[in-house]
Amino acid sequence: MSELNQVLKQRRQKADDLAELGVALYGNSFTPTHRIGEILPMADRVTADTAPGVHQVKVAGRILAMRKFGKASFMHIQDESGRMQVYVQRDSVGDEQYTIFKKLDIGDIVGVTGWLFKTKTDELTIHADKVVPVTKSLRPLPEKFHGLTDVETRYRQRYVDLIVNPEVRDTFRKRVEIIRLVRDFLVNRGFMEVETPMMQPIAGGATAKPFQTHHNALGMDLYLRIAPELYLKRLLVGGFERVFEINRNFRNEGLSTRHNPEFTMLEFYQAYATYHELMDLTEEMISWIAAEVTGSMVITYNGQEVDLSPPWKRYTIEEALVEVAGIAPETLADPDKVMALAREKGIKLQPQAGVGKAKTELFELLVEEKLINPTFVTEYPTEVSPLARRNEKNPEVTDRFELFVTGREIANAFSELNDPVDQKQRFERQINERGDDDEIFPVLDEDYVRALEYGMPPAAGEGIGIDRLVMLLTDSPSIRDVILFPHLRPETK
RNA sequence: GGGUCGUUAACUCAGUCGGUAGAGUAUCUGCCUUUUAAGCAGAGAGUCGUUGGUUCGAAUCCAACACGACCCA
């Protein structure tokens, strides 16, 4: 018989014993009067001499640790709001109660009724009048000192990770807080939160491999969206001038510390704004959220200091190539030299790729990882920006920026292309110049062009990767640390 | 897709030159009415990721596979 079976057997035996004593193992009749987080601040009103009944409480929580003596015991219990100590004395709870108490295990959820006092070591503690089993746990928790560190188990059994690792609970609380602050920020600026299709007949708005599914009744294939962009812009046509959506995108690509097949994206669109105004808005929003969540605009990520205080550095791609990568301006001015440099750096380009694509690739290779403090990079070549408005002075580049922090792309934004003729031509060019990847299939979205033909107001739009933002603000090295249930291969038995 | 590393008790980890499995925590028993990783004494607990191979003998050496981590594409 294996040890786990032995432990399970012992726990089931205890459960049976408790049932025999008339205890409801999975009842739902205990109603707490307090949460632990409400009790802890009462510490300064309690002393070792505080009499029974002065501060009477009922709390429920999971047992995390027990120190049993013959006729008295200490345990720590944890609820969502915190953890605290409970003192269980045989003479206080009575023989019958103490017999039941001794059958409890670490991991069980209990209800405690008692009064507050302080121990010799000045720890606020509940002196129990009564301890009742609320929910029996049949599986042992990980070791108390090292806790659970095996990342595979942490991701596969996130519930255990959450029970025993308080910093993991904090990270996910911060995630929720960050999303709430994003909402508050945008709603306060007159943006309206909307929901657009997750299942789309054409997976548009980005270049990525989609997940495919099928609608039986309609007899049609559908794709899980890779971006909400084209639907949100249809809403601009419809007359909603400031819209945003925070929701999942799905991309059928590899997994890494920065990629999960489903990830959360904020996209927002503002009519009559330009990408310049979105840079200001982004700077303001992210620095404010950082201050709200971490208490400072200067944060630490992966051991390095990152200063999010505005204003942020703004480069054009060419400026960044010159100033960060050290490429000579005369090299950048000569398309032949740019192509030669790209080849020299080992960049493989499609035959039809132009100098704009080459500059973008050089930027990704030589500059991105060096942009630690937040940096806006503008003037992306038109050929890599199929949905962005051309710059009025130089049609080879677009009115677009990407935001980089700690070497990672956090946001992508541009003044929107609203010329239906130009848009249609760019879709067609994209289809003609598609790469050799069979699973990325750009399709001309005729309805989107039709919508533009009705007239979309000039606007600027932006996407911010929420998971990456949460990683940044919680100092998490992997996207799996900020997604509750990240994708893993199926467990082998 | 490629490379490197890892997988041993429920958890955290040792395991020498290839000689038949170890610790702490957790669990069980006993003692213990203010402990804090409580203490003391004792006990039980293992398909050494899987499958093959080499060998008298494999946790250990070799191969393939599975899962994970990191790096690269």
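A, B, ... follow the sequence lines: proteins, then strands. Residue 1 opens every chain. None of these values were measured; they are calculated from a predicted model.
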With a 4.0 Å limit, can you tell me whether [X] has a side-chain N or O closer than that to the phosphate oxygens OP1/OP2 of [N]?
| X | N | value |
| --- | --- | --- |
| A/Lys68 | B/rC32 | no |
| A/Lys71 | B/rU33 | yes |
| A/Lys14 | B/rC28 | yes |
| A/Arg67 | B/rA38 | yes |

Distance to the ring centre below 6.0 angstrom and angle to the axis at most 45 degrees; does that hold for A/Lys136 and A/Tyr26?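 Here A/Lys136 fails the 6.0 Å and 45° test against A/Tyr26.
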
Centre of A/Tyr380's six-membered ring, under 6.0 Å away, within 45 degrees of the axis: is that where NZ or CZ of A/Arg400 sits?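 Ring-cation test returns yes.
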
First locate atom CG of A/Leu403, then atom OG1 of A/Thr378, and finally report the distance between them rounded to the nearest 0.5 Å.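 One finds 12.5 Å between CG of A/Leu403 and OG1 of A/Thr378.
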
In this structure, how many angstroms lie between the [atom2] atom of [N] and the [atom1] atom of [X], rounded?
| X | N | atom1 | atom2 | value |
| --- | --- | --- | --- | --- |
| A/Gln89 | B/rU35 | CD | C1' | 13 Å |
| A/Asp161 | B/rC11 | CG | C1' | 13 Å |
| A/Leu116 | B/rU34 | CG | C1' | 16 Å |
| A/Ile106 | B/rC28 | CD1 | C1' | 14 Å |
| A/Lys103 | B/rU27 | NZ | P | 14 Å |
| A/Phe101 | B/rU33 | CZ | P | 14 Å |
| A/Leu8 | B/rA26 | CG | P | 18 Å |
| A/Phe145 | B/rC11 | CZ | P | 18 Å |

Minimum heavy-atom distance A/Pro261-A/Leu255, with the two atoms named: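 Distance-wise, the nearest heavy atoms are CD-CG, 3.9 Å.
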
Pairs under 3.5 angstrom, nitrogen or oxygen only, protein versus nucleotides 68-73 of chain B, please.
{"residue": "B/rG68", "atom": "OP1", "partner": "A/Arg489", "partner atom": "N", "Å": "2.8"}
{"residue": "B/rG68", "atom": "OP2", "partner": "A/Arg489", "partner atom": "NE", "Å": "2.9"}
{"residue": "B/rG68", "atom": "O4'", "partner": "A/Glu152", "partner atom": "OE1", "Å": "3.1"}
{"residue": "B/rA69", "atom": "OP1", "partner": "A/Arg480", "partner atom": "NH1", "Å": "2.7"}

Among A/Asp161, A/Asp481, A/Asp150, exactly one meets side-chain hydrogen bond (donor to acceptor under 3.5 Å, both in side chains) together with A/Tyr155. Which residue is that? A/Asp481

Watson-Crick/G-U partner (both atom distances under 3.5 Å) of [N]:
| N | value |
| --- | --- |
| B/rG1 | B/rC72 |
| B/rU60 | none |
| B/rU55 | none |
| B/rC65 | B/rG49 |
| B/rC40 | B/rG30 |

Say you pick atom [atom1] in [N] and the same atom in [M]; how far apart are they, in whole Å?
| N | M | atom1 | result |
| --- | --- | --- | --- |
| B/rA69 | B/rU8 | P | 15 Å |
| B/rU7 | B/rG49 | P | 8 Å |
| B/rC5 | B/rA37 | C1' | 31 Å |
| B/rC65 | B/rG46 | P | 32 Å |
| B/rA63 | B/rG24 | P | 36 Å |
| B/rG53 | B/rU25 | P | 41 Å |
| B/rA10 | B/rG44 | C1' | 14 Å |
| B/rC28 | B/rA9 | C1' | 15 Å |

A/Lys130, NZ: over 12 other non-hydrogen atoms inside 6.0 angstrom: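 It does not: A/Lys130 NZ has 12 such atoms or fewer within range.
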
A/Arg426 side chain to A/Ser385 main-chain N or O, any donor-acceptor pair under 3.5 Å?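 Yes; at least one donor-acceptor contact below 3.5 Å.
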
Flag, side chain of A/Arg35 to backbone of A/Ser81, donor-acceptor distance under 3.5 Å: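 Between the backbone of A/Ser81 and the side chain of A/Arg35 there is no qualifying donor-acceptor contact (under 3.5 Å).
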
Sugar-phosphate, base or nothing in reach of A/Phe117, heavy atoms under 4.0 Å: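 Base contact.
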
Can you tell which of A/Leu472, A/Ile466, A/Asp467 makes a side-chain contact (heavy atoms from CB on, under 4.5 Å) with A/Val470? A/Ile466

Side chain of A/Glu143 (C-beta onward), nearest among B/rC32, B/rA26, B/rU12: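 From the listed options, B/rU12 comes nearest.
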
Closest to side chain of A/Leu148, choosing from B/rU12, B/rU34, B/rU27: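 The closest nucleotide is B/rU12.
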
Looking at [N], does its base get a donor-acceptor pair with the side chain of [X] below 3.5 Å?
| X | N | result |
| --- | --- | --- |
| A/Thr149 | B/rU12 | no |
| A/Gln10 | B/rU27 | no |
| A/Gln85 | B/rU35 | yes |

Go through the steps for A/Thr398 and A/Leu417 under the test side chain to side chain contact (heavy atoms under 4.5 Å, CB included), then give the verdict. CA-CA 9 Å; A/Thr398 53; A/Leu417 172 61; over 6 Å; no

Along RNA chain B (nearest heavy atom to each residue), the more 5'-positioned of A/His146 and A/Thr119: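 Final value for this comparison: A/His146.
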
If you assign A/Thr125 and A/Gly147 each to the RNA chain B nucleotide with the nearest heavy atom, which residue ends up on the more 5' nucleotide? A/Gly147

Evaluate whether the aromatic ring of A/Phe69 and the six-membered ring of the B/rC32 base sit under 5.5 Å apart, centre to centre, with an inclination under 30°.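 Given the distance and angle limits, no, they do not stack.
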
